[in-house]
Enquirer: 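Could you have a look at this structure, given as structure tokens, before my questions?
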Amino acid sequence: MELVTKKTRLELDKSLRDCKRELEQSQARIKKLVEIIQKLYENNIEGKISDERFAKMSANYEAEQHTLENSVAELQTIMTEEKESALSVDHFLSLVRKYTDIKELTAEIIREFVEKIYVYKAERIDGKRVQRIKIVWTCIGEFEPPASTSTKNEKSA
């Protein structure tokens, strides 16, 4: 439970920080572009720049503004999805707390915790039959626990 919480929280926090920083930068640039376009328009009205020059410059700034607005919308979607993902982790933890003292693995428990199980073709490795499986957990997706050192210690003993 600690491994899942720590791994997921660290990833989510970093991703949310990155998205928030990029979102703030994009929003600040959009604000600046609005000011630039407004000044450009005023310079055109006052005759400081030609109509052709105004058209070219404003088209470039408006294209950049449009791109940034799309980026902002995408970042907001990503941030919403990551916040929902954090809620999924909380849901997973509530499931873990519900089943803290499992005496017998039942079909109900498996349905609550496991979304998918992939069973791969058996292989022979060092003369032993090995069959790899991958479990996709409900709420948290795939989770690779850190490699256990107990098997290494048992082999060397």
Side-chain angles (χ1 to χ4, degrees), residues 1-38 56-157:
M1 189 167 95
E2 287 177 30
L3 288 172
V4 170
T5 306
K6 184 177 179 182
K7 176 182 180 261
T8 307
R9 292 281 182 214
L10 289 174
E11 289 173 1
L12 284 173
D13 288 347
K14 182 188 181 313
S15 182
L16 279 172
R17 271 193 318 271
D18 293 346
C19 282
K20 187 175 180 181
R21 186 183 71 249
E22 189 175 340
L23 180 67
E24 288 170 353
Q25 289 172 346
S26 295
Q27 288 172 331
R29 179 64 181 161
I30 288 171
K31 248 183 178 176
K32 185 70 176 170
L33 285 172
V34 168
E35 293 172 12
I36 290 170
I37 292 169
Q38 185 176 1
K56 286 179 185 177
M57 292 175 74
S58 65
N60 289 338
Y61 286 131
E62 287 172 5
E64 181 183 356
Q65 183 179 13
H66 181 69
T67 302
L68 286 169
E69 287 169 349
N70 289 341
S71 176
V72 163
E74 189 176 315
L75 287 168
Q76 288 172 333
T77 301
I78 290 170
M79 289 176 70
T80 301
E81 289 171 357
E82 288 179 354
K83 287 176 183 174
E84 289 172 3
S85 178
L87 293 175
S88 292
V89 170
D90 292 336
H91 176 69
F92 178 76
L93 293 176
S94 70
L95 282 177
V96 169
R97 287 185 192 100
K98 179 179 174 183
Y99 294 106
T100 54
D101 193 25
I102 298 174
K103 303 263 190 262
E104 179 181 337
L105 188 61
T106 65
E108 175 190 354
I109 293 171
I110 291 173
R111 278 191 296 273
E112 287 211 56
F113 280 99
V114 178
E115 184 177 324
K116 296 177 190 172
I117 299 176
Y118 296 97
V119 180
Y120 296 91
K121 183 179 176 183
E123 301 172 8
R124 289 243 175 242
I125 299 176
D126 295 333
K128 295 182 181 177
R129 183 177 182 267
V130 177
Q131 189 158 12
R132 192 169 62 97
I133 65 168
K134 178 170 69 172
I135 300 174
V136 179
W137 302 95
T138 305
C139 307
I140 62 168
E142 292 181 45
F143 176 73
E144 285 287 328
S148 173
T149 57
S150 62
T151 55
K152 293 177 185 174
N153 292 339
E154 291 170 7
K155 288 180 181 177
S156 63

Enquirer: To the nearest 0.5 angstrom, please state how far the CD1 atom of Ile36 sits from the CG atom of Asn60.
Expert: 11.5 Å

Enquirer: Taking the side chain from Gln131 and the backbone from Tyr120, do they hold a donor-acceptor pair closer than 3.5 Å?
Expert: yes

Enquirer: Within a strict 4.5 Å, meaning less than it, do heavy atoms of the Gln27 and Leu23 side chains meet?
Expert: yes

Enquirer: Roughly how far, to the nearest 0.5 Å, is CG of Leu16 from CG of Leu75?
Expert: 11.0 Å

Enquirer: Above 12 or not: heavy atoms from other molecules or residues under 6.0 Å from CD of Glu74?
Expert: no

Enquirer: For the atom pair CZ (Arg21) and OG (Ser26), what is the distance rounded to the nearest 0.5 Å?
Expert: 11.0 Å

Enquirer: Partners of Arg132 by salt bridge (charged side-chain N to carboxylate O under 4.0 Å, His left out), sequence neighbours excluded?
Expert: none

Enquirer: Would you please name every residue forming a side-chain hydrogen bond (donor to acceptor under 3.5 Å, both in side chains) with Thr77, sequence neighbours left out?
Expert: none

Enquirer: Give the C-alpha distance, both sets of side-chain angles, the deciding distance and a yes or no for side chain to side chain contact (heavy atoms under 4.5 Å, CB included) between His66 and Asn70.
Expert: CA-CA 6 Å; His66 181 69; Asn70 289 341; 3.4 Å; yes

Enquirer: With sequence neighbours left out, what residues match Glu22 under salt bridge (charged side-chain N to carboxylate O under 4.0 Å, His left out)?
Expert: none

Enquirer: Can you list the residues that meet the side-chain contact (heavy atoms from CB on, under 4.5 Å) rule with Val114, with sequence neighbours excluded?
Expert: Ile110, Ile117, Ile135, Trp137

Enquirer: Are Arg29 and Gln25 side-chain neighbours, meaning at least one heavy-atom pair lies under 4.5 Å?
Expert: no

Enquirer: Going by side-chain contact (heavy atoms from CB on, under 4.5 Å), name the residues that satisfy it together with Ile37, two or more places apart in sequence or in a different chain.
Expert: Tyr61, Glu62, Gln65

Enquirer: Name all residues meeting the side-chain contact (heavy atoms from CB on, under 4.5 Å) criterion together with Glu35; count only those two or more places apart in sequence or in a different chain, and write none if there are none.
Expert: Lys32

